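Only one structure is covered here, and it is reproduced in the block below.
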Amino acid sequence: MSGETRNDFIRQIVRDDLSSGKHDRIQTRFPPEPNGYLHLGHTRAIWADFGIAQEFNGACNLRFDDTNPAREDPEYVQAIQDDVRWLGYDWRSLRHASDYFDVYYLAAEKLILDGNAYVCDLSADQVREYRGTLTEPGRDSPFRGRSVEENLDLFRRMRAGEFADGARTLRARIDMASGNINLRDPALYRIKHVPHQNTGDAWCIYPMYDFAHALGDAIEGITHSLCTLEFEDHRPLYDWCVDKVDLAGNPQLLQPLLDRGLPLEAGKPRQIEFSRLNVNYTVMSKRKLMALVQEGLVDGWDDPRLPTLQGIRRRGYTPAALRAFVERLGLSKQNSLIDFSVLEAAVREDLDASAQRRMAVLDPLGLVLTNLPEGHGEVVAFANHPKDEAAGQRDVPFSRELWIEREDFMEQPVKGFHRLVPGGEVRLRGIGIVRCDEVVKDGDRVVELRCSLDPETRPGREGANRKVKGTIHWVSARHAVAAEVRLYDRLFKVPDPDDDSDGRTYRDHLNPESRRTVQAWLEPAAVDVAPETRLQFERLGYFVADRKDHSPQKPVFNRTVTLRDTWATRA
RNA sequence: UGGGGGAUCGUCUAACGGUAGGACAACGGACUCUGACUCCGUUUAUCUAGGUUCGAAUCCUAGUCCCCCAGCCA
């Protein structure tokens, strides 16, 4: 959908800012903290940040908000870049908040000089006491009145490493009585004698999010800084930082960056908040995803059951489907829990159009065509895609002994069953109509069906037009290739695993049947494919050759999603 | 009377004082060599109460409910 037709509240703002001349070009940024993998929830932010910039001929930066070295890791820096690219986006400029540490420091000194910040010696516990509560105002820190000289001296000594972690902070001097707790003299810098993944041992003080993020946006000339709802009441602080430092009006503060060849593009950004993306039957918080991985409840960050982008990719979802999904939801400020069926519909739509068809049997039942000679063999040409001739054809070997899906036969059929029954007829996909003459059983278990193929119903013959109620898929037993097929289902049994109001947590709601592995039989043309090849196994669903484990010698497929099944949902 | 946000079909979302529309879901039906796809149809919504207006989801007033905030996390 184009920028002309999409009209969410953020696009309206952007459009207005462009037409009013407030901006002649827009600049956004996607600012992940490199402390975990990207997940489905980030897709909306990525789509908004990169997509809106793209639509309005602007640009988007990828900026790592790496201001807390204690919990960040370069492993994530690479993975995040890979995921963003996989989703189909690219950035104008790759930045790190840590690129700006010199500027942040200069900005902090300016704040001190202007009387807008002070060094506070209160401990973390004391700060909490002084902060007040949601309904009671806080009290001024006893250090709030320090002179500019003393503040400057202390701050420089903080930087020089003279003090221990937690001994002092640099605080904004705003309003300890504000109803907005973020404005009660928030910390701007804290002491952390921790090496940084990017800057090594250069710093032992690190800026806080509110300060660093606001200035980072200002430095990069971000026009529209999009973020989620929980930052709404940080906006006054965001604006305070931008305005009090005023990088655009004090370009000398940017000198360290200009010296390194970065462009001068400081401006005044506007923060706009939208609601997070939540999807039912899953969890999206980094903390919970981390726990699932670390406790071995799933098989790593790219487990196909996880909503991580890595997991979703391995599951077989396509970037186009993900983009279509978030686009369908749009942007708003309402808290929401999206039904996973919207996601499934988006993948099915994409895969129906793009995935070639093959036949596979997941739960085999032998079927013998008794009126075919022993050793009978032929190849039958099948279209690779019912709606796309350009996808070409493939040869499918056919013989006297076949595997069919066990659930496509019922000895005592329920009403409405369209498939094979004793004495009944069904069409074998691409072959013709067969009649079930005999059911071979071992005790209660059906072990083989002996059938006859009506030669007049082979494709091309007049009888081929005869109508039968059902068509089933099959593979030639002699030619079938064994494959490992992983059948995935939702990770949680309940729609809202985050809801622990009844005392039960997401851990209690794990779906024990979220993964089932079977040995399946594939037609030969399904086997010799590259990892990440997506196929529809007819009448079963969409499957992907596993990105890591699949090879033609040892085929491994993951079920991305089943086909829509109006019969099964009725039964 | 702490501050900040939000309330439209079951779930998302549109409307910018002028026919409450779309998607997903559900339910019927048509088509079908995939019980898929496609097509057609149906059901279901403006938080409440007042007010302004020829006309209100939209504007005003008063309520109700839900979400976020008391990290030296982001």
Side-chain angles (χ1 to χ4, degrees), chain A residues 7-8 12 31-33 35 65-68 70-72 120 122-124 127-128 131-138 165-171 177-184 186-192 205-206 208-210 212-213 227-236 273 275 280 286 325 328-346 348-349 352-353 357 359 386-387 416-419 426-433 457 459 464-473 495 536-541 562-571:
Chain A
N7 202 31
D8 53 72
Q12 289 185 40
E33 182 188 14
N35 70 339
D65 253 341
D66 54 351
T67 55
N68 187 352
R71 42 181 245 170
E72 291 152 10
C120 181
L122 255 26
S123 70
V127 168
R128 195 173 311 123
R131 186 155 36 222
T133 70
L134 290 179
T135 53
E136 299 156 9
D165 288 7
R168 291 181 223 263
T169 54
L170 180 73
R171 292 228 257 164
S178 173
N180 183 342
I181 290 182
N182 294 301
L183 263 20
R184 317 242 262 230
L188 263 19
Y189 263 95
R190 77 287 219 186
I191 302 172
K192 260 184 205 290
I205 56 172
Y206 292 97
M208 299 289 293
Y209 163 83
D210 290 292
H213 192 262
C227 64
T228 41
L229 253 29
E230 68 271 26
F231 293 105
E232 226 156 7
D233 53 11
H234 288 242
R235 195 185 335 124
E273 312 84 14
S275 60
N280 60 12
K286 279 184 186 176
F325 170 61
R328 236 163 251 195
L329 306 177
L331 288 170
S332 77
K333 300 189 71 154
Q334 283 155 312
N335 293 318
S336 61
L337 183 61
I338 281 84
D339 196 289
F340 76 103
S341 67
V342 182
L343 214 210
E344 290 193 334
R348 288 191 181 116
E349 196 173 301
D352 175 60
R357 297 323 97 128
M359 290 197 289
K387 300 177 202 165
F417 188 71
H418 287 177
R419 287 107 97 155
V426 78
R427 186 185 303 277
L428 285 183
R429 181 87 162 127
I431 298 299
I433 296 171
T457 61
N465 294 325
R466 227 180 87 205
K467 303 294 181 198
V468 281
K469 48 279 154 198
T471 298
I472 65 174
H473 61 277
Q536 182 194 105
F537 291 163
E538 291 204 24
R539 303 212 306 128
L540 296 174
T562 61
L563 254 30
R564 195 161 156 272
D565 188 348
T566 47
W567 165 247
T569 56
R570 185 149 41 111

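Reminder, nothing fancy here: chain letters follow the sequence lines and each chain counts from 1. No experiment lies behind these values; they were computed from the predicted model shown.
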Mind listing the N/O atom pairs, protein and nucleotides 6-9 of chain B, below 3.5 Å?
{"unit_1": "A7(B)", "atom_1": "O5'", "unit_2": "Gln334(A)", "atom_2": "NE2", "d": "3.2"}
{"unit_1": "U8(B)", "atom_1": "OP2", "unit_2": "Gln334(A)", "atom_2": "NE2", "d": "2.9"}

| said: For a quick check under 3.5 Å, do Asp339(A) and Ser341(A) share a side-chain donor-acceptor pair by atom type? | reply: yes

| said: Looking at Thr228(A) and Glu230(A), would you say the former's side chain and the latter's main chain have a donor-acceptor pair under 3.5 Å? | reply: no

| said: Under a 3.5 Å distance rule, please check whether Asn182(A) uses its side chain to pair with a backbone N or O of Asp233(A) as donor and acceptor. | reply: yes

| said: For A74(B), is there a stacking contact with Tyr209(A), counting only centres under 5.5 Å and planes under 30°? | reply: no

| request: Evaluate whether the aromatic ring of His213(A) and the six-membered ring of the A74(B) base sit under 5.5 Å apart, centre to centre, with an inclination under 30°. | output: no

Under 3.5 Å, which protein N or O atoms sit close to an N or O of nucleotides 17-25 of chain B? Give each pair with its distance.
{"unit_1": "C24(B)", "atom_1": "O2'", "unit_2": "Ser341(A)", "atom_2": "OG", "d": "2.9"}

| task | Name all residues meeting the salt bridge (charged side-chain N to carboxylate O under 4.0 Å, His left out) criterion together with Arg171(A); count only those two or more places apart in sequence or in a different chain, and write none if there are none. | result | none

| Which residue lies more 5' along RNA chain B, comparing Asp66(A) with Arg235(A) via nearest heavy atoms | Arg235(A)

| said: Need one value for Ile472(A): base, sugar-phosphate or nothing, where a base atom within 4.0 Å counts as base even if backbone is also close, heavy atoms only. | reply: nothing

Can you give me the N/O atom pairs linking the protein to nucleotides 69-72 of chain B at distances under 3.5 Å, or say none if there are none?
{"unit_1": "A70(B)", "atom_1": "O3'", "unit_2": "Arg131(A)", "atom_2": "NH2", "d": "3.3"}
{"unit_1": "A70(B)", "atom_1": "O2'", "unit_2": "Arg131(A)", "atom_2": "NE", "d": "2.9"}
{"unit_1": "G71(B)", "atom_1": "OP2", "unit_2": "Arg128(A)", "atom_2": "NE", "d": "3.4"}
{"unit_1": "G71(B)", "atom_1": "OP2", "unit_2": "Arg131(A)", "atom_2": "NH2", "d": "2.7"}
{"unit_1": "C72(B)", "atom_1": "OP1", "unit_2": "Arg131(A)", "atom_2": "NH2", "d": "3.4"}
{"unit_1": "C72(B)", "atom_1": "OP2", "unit_2": "Arg131(A)", "atom_2": "NH1", "d": "3.1"}
{"unit_1": "C72(B)", "atom_1": "N3", "unit_2": "Gly166(A)", "atom_2": "O", "d": "3.3"}
{"unit_1": "C72(B)", "atom_1": "N4", "unit_2": "Leu122(A)", "atom_2": "O", "d": "2.7"}
{"unit_1": "C72(B)", "atom_1": "N4", "unit_2": "Ala124(A)", "atom_2": "N", "d": "3.1"}
{"unit_1": "C72(B)", "atom_1": "N4", "unit_2": "Gly166(A)", "atom_2": "O", "d": "3.0"}

| query | Please walk me through it: do Arg71(A) and Asp66(A) pass salt bridge (charged side-chain N to carboxylate O under 4.0 Å, His left out)? | reply | CA-CA 9 Å; Arg71(A) 42 181 245 170; Asp66(A) 54 351; over 6 Å; no

| query | To the side chain of Arg357(A), which of U34(B), A74(B), G35(B) is closest? | reply | U34(B)

| task | Report the stems of RNA chain B as range-with-range entries sorted by first number; a stem here is at least three consecutive pairs, Watson-Crick or G-U wobble, both distances under 3.5 Å, and write none if there are none. | result | B:2-7 with B:64-69, B:10-13 with B:21-24, B:26-30 with B:38-42, B:47-51 with B:59-63

| task | Determine the interatomic distance between P on A25(B) and the same-named atom on G71(B); round to the nearest Å. | result | 44 Å

| request: Sequence neighbours left out, what pairs pass salt bridge (Lys or Arg N to Asp or Glu O under 4.0 Å) with at least one residue falling in residues 328-337 of chain A? | output: Glu232(A)-Lys333(A), Glu273(A)-Lys333(A), Arg328(A)-Glu349(A)

